[in-house]
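Worth saying up front: this structure is predicted, and the values here are computed from it rather than measured.
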Amino acid sequence: MRPAPTILHLDMDAFFAAAEQAAKPSLRGKPVVVGGLGPRGVVSTASYEARRFGIHSAMPMAQARRLAPNAAYLVPRFTLYRTVSEQVMELLGRLSPLVEPLSLDEAFVDLEAGGSARDSASARATGERLRREIRAVTGLTGSVGLAGSKMLAKIASEQAKPDGLVLMEPGTERELLGPMSVRTLPGVGPATGEHLRRAGMTTVADLTEAGEDELVRLVGKAHGASLYRMASGHDDRPVVAERETKSVSVEDTFDVDLHDRVRVRTEVDRLADRCVQRLRQSGHSGRTIVLKVRRYDFSTLTRSETLRGPTDDPGVVREAAGRLLESLDTTGGVRLLGVGVTGLTDYTQEDLFAQAAADAEATSAAEGADPVAEAEEPEPRPEREPESGTEEATERHWPAGHDVRHAEFGAGWVQGSGVGRVTVRFEEPTSAVPGRVRTFRTDDPDLELSEPLPLVAVPPDPAAPSP
């Protein structure tokens, strides 16, 4: 524990939903829900207006629609969220070299390491300045917690929501934590919380009164000792600037179970390509390919294959995932598929064709061909044809909430689509009033998807020459 509250925790308020409200003037002050819109979709983020109806993260989207049928339901736009996240992380980086991102909208900052704070007064001033800068740069709000440890700083930011700042003075931890629910502590989920409730412990003060020995008896040695330390306010974990990436993966849940084996393989190939794209963006290659299959009865099967060397070749990952699929029984239907790569290493040029070259060498040796020539001149892989009957083959896809641009009416966003029509509201983040709504054919040549617009107007560069 530090003698001064120099560990800062930032958590953006309802990040995805708030970004959508900032981008769409017509949705400001109204309930907005972001997540998967299919029958099996779940809520990713709900605006504070939507939370008043009882909607929360991880809730089935069908349940959310029953609670708030008139809310705006949008598909996530991760391109926008990553852009805003980079702006926020840049602001945090100005405070200290020790910034530990936990997600796109959440991070710890060691203010002491950056000389940004040395006591309570300077820490509070830094936190308030950060909140003002975030609003000015992104148009969004964030809640800040300040304390002498990471655990307490995170609890403080939860108390500060929305759009606030809470500072926990060192020495007051046990007094502040005492009346809080045991679920406030990290690692205490529903099962552990219920177990403790049955033992008569519902608050953090109950845990400290019970003592370490009793907690060890109830939940085990390791967890019990850790729980007692947290309840007493002790947390010595440092802020770590860089977290090592251990794996990269993507997965999709399907609205309707997949029964066609060819369709399942096509989806696995598509997921493998997306996984490799993320792998390359992170600057890594990997040795172990992992396939995840959740069947119609919710049973989940996982298979993996370790290659001879690390790779970021999409062909290699597709083939490995395909081999893993052949070993699984998908009879009855598949509701979720996932492809991942683990055993990561830093990207090197030699990684690209390591596995392909080795396979080519083995094949060529058996056929008496020149292995070097085969490895250096791989036969081009044909593009996969879209499956007949799929949406991509029949009409363009217009996800709800995504940005579009029309040749005549300019920038807007998709309110909804179906039956060969797409409805667009034409407005921009800087629009003073909600924009007008128009409907077009889904194949209208003047309408196209576009990149998200900045949430805050960029001021003109005074050094730039006048037009």
Chemist: Under the salt bridge (charged side-chain N to carboxylate O under 4.0 Å, His left out) rule, collect the residues that match up with R274, sequence neighbours excluded.
Modeler: D252
Chemist: Determine yes or no for a side-chain-to-main-chain donor-acceptor pair under 3.5 angstrom, with H284 supplying the side chain and S282 the backbone.
Modeler: yes
Chemist: Is the centre of the Y296 ring less than 6.0 Å from the centre of the H259 ring?
Modeler: no
Chemist: By the ring-ring contact (aromatic ring centres under 6.0 Å, His included) test, which pairs, at least two apart or in different chains, include something from residues 19-78?
Modeler: F16-F78, F78-Y81
Chemist: With a 3.5 Å cut-off and no angle check, do the side chains of Q21 and R28 form a donor-acceptor pair?
Modeler: no
Chemist: In plain terms, say whether R405 and E448 are close enough for a salt bridge, that is, a side-chain N and a carboxylate O under 4.0 Å apart.
Modeler: no
Chemist: I'd like to know if K154 pairs up with E106 as an ion pair, taking the criterion as any Lys NZ or Arg NE/NH1/NH2 lying under 4.0 Å from an Asp or Glu carboxylate oxygen.
Modeler: yes
Chemist: Are any of the side-chain nitrogens in R82 or E86 under 4.0 Å away from the carboxylate oxygens of its partner?
Modeler: no
Chemist: Could you list the residues that satisfy side-chain hydrogen bond (donor to acceptor under 3.5 Å, both in side chains) with R237, not counting sequence neighbours?
Modeler: D235
Chemist: Checking the side chain of S232 only, and the main-chain atoms of H234 only, is there a donor and an acceptor separated by less than 3.5 Å?
Modeler: no
Chemist: Would you give the length of the straight line joining atom CD of E214 to atom CG of D206, rounded to the nearest 0.5 angstrom?
Modeler: 12.0 Å
Chemist: Suppose the criterion is salt bridge (Lys or Arg N to Asp or Glu O under 4.0 Å): which pairs have a residue in residues 47-57, not counting sequence neighbours?
Modeler: none
Chemist: Could I get the full list of salt bridge (charged side-chain N to carboxylate O under 4.0 Å, His left out) partners for E251, not counting sequence neighbours?
Modeler: K292
Chemist: Could you work out, with ring pair (Phe, Tyr, Trp, His ring centres under 6.0 Å) as the rule, every residue matching H402, not counting sequence neighbours?
Modeler: none
Chemist: If the condition is side-chain hydrogen bond (donor to acceptor under 3.5 Å, both in side chains), which residues does T439 pass it with, not counting sequence neighbours?
Modeler: T423
Chemist: With sequence neighbours left out, write down each residue that passes side-chain hydrogen bond (donor to acceptor under 3.5 Å, both in side chains) with Q87, or none if nothing qualifies.
Modeler: none
Chemist: Find out whether the Lys NZ or Arg CZ of R335 is both under 6.0 angstrom from the six-membered ring centre of F298 and within 45° of the ring's axis.
Modeler: yes
Chemist: Of R287, R278, R280, which meets salt bridge (Lys or Arg N to Asp or Glu O under 4.0 Å) against D312?
Modeler: R280
Chemist: Calculate, to the nearest 0.5 Å, the distance between atoms OG and CG belonging to S44 and L74 respectively.
Modeler: 11.5 Å
Chemist: Under the rule for salt bridge (charged side-chain N to carboxylate O under 4.0 Å, His left out), what residues qualify as partners of D236, not counting sequence neighbours?
Modeler: R229
Chemist: What side chain to side chain donor-acceptor pair (under 3.5 Å) pairs are there with at least one residue in residues 180-194, not counting sequence neighbours?
Modeler: E194-R197, E194-R198
Chemist: Applying the side chain to side chain donor-acceptor pair (under 3.5 Å) test to R261, which of T266, T330, T331 qualifies?
Modeler: T330
Chemist: Using the salt bridge (charged side-chain N to carboxylate O under 4.0 Å, His left out) criterion, which residues pair with K161? Sequence neighbours excluded.
Modeler: D11, D13
Chemist: So T79 and E451, side chain to side chain donor-acceptor pair (under 3.5 Å) or not? Walk me through it.
Modeler: CA-CA 8 Å; T79 300; E451 292 298 314; 4.8 Å; no
Chemist: List for me each residue that meets side-chain hydrogen bond (donor to acceptor under 3.5 Å, both in side chains) alongside T342, sequence neighbours excluded, and say none if there are none.
Modeler: none
Chemist: Between D269 and R265, is there a side-chain N and carboxylate O pair less than 4.0 Å apart?
Modeler: yes
Chemist: Within the 3.5 Å criterion, strictly below it, is a donor on E20 or W413 matched to an acceptor on the partner's side chain?
Modeler: no
Chemist: Would you give the length of the straight line joining atom OG of S304 to atom CD1 of I289, rounded to the nearest 0.5 angstrom?
Modeler: 9.5 Å
Chemist: Compute whether any side-chain donor of one residue and acceptor of the other, for S285 and T311, lie under 3.5 angstrom apart.
Modeler: no
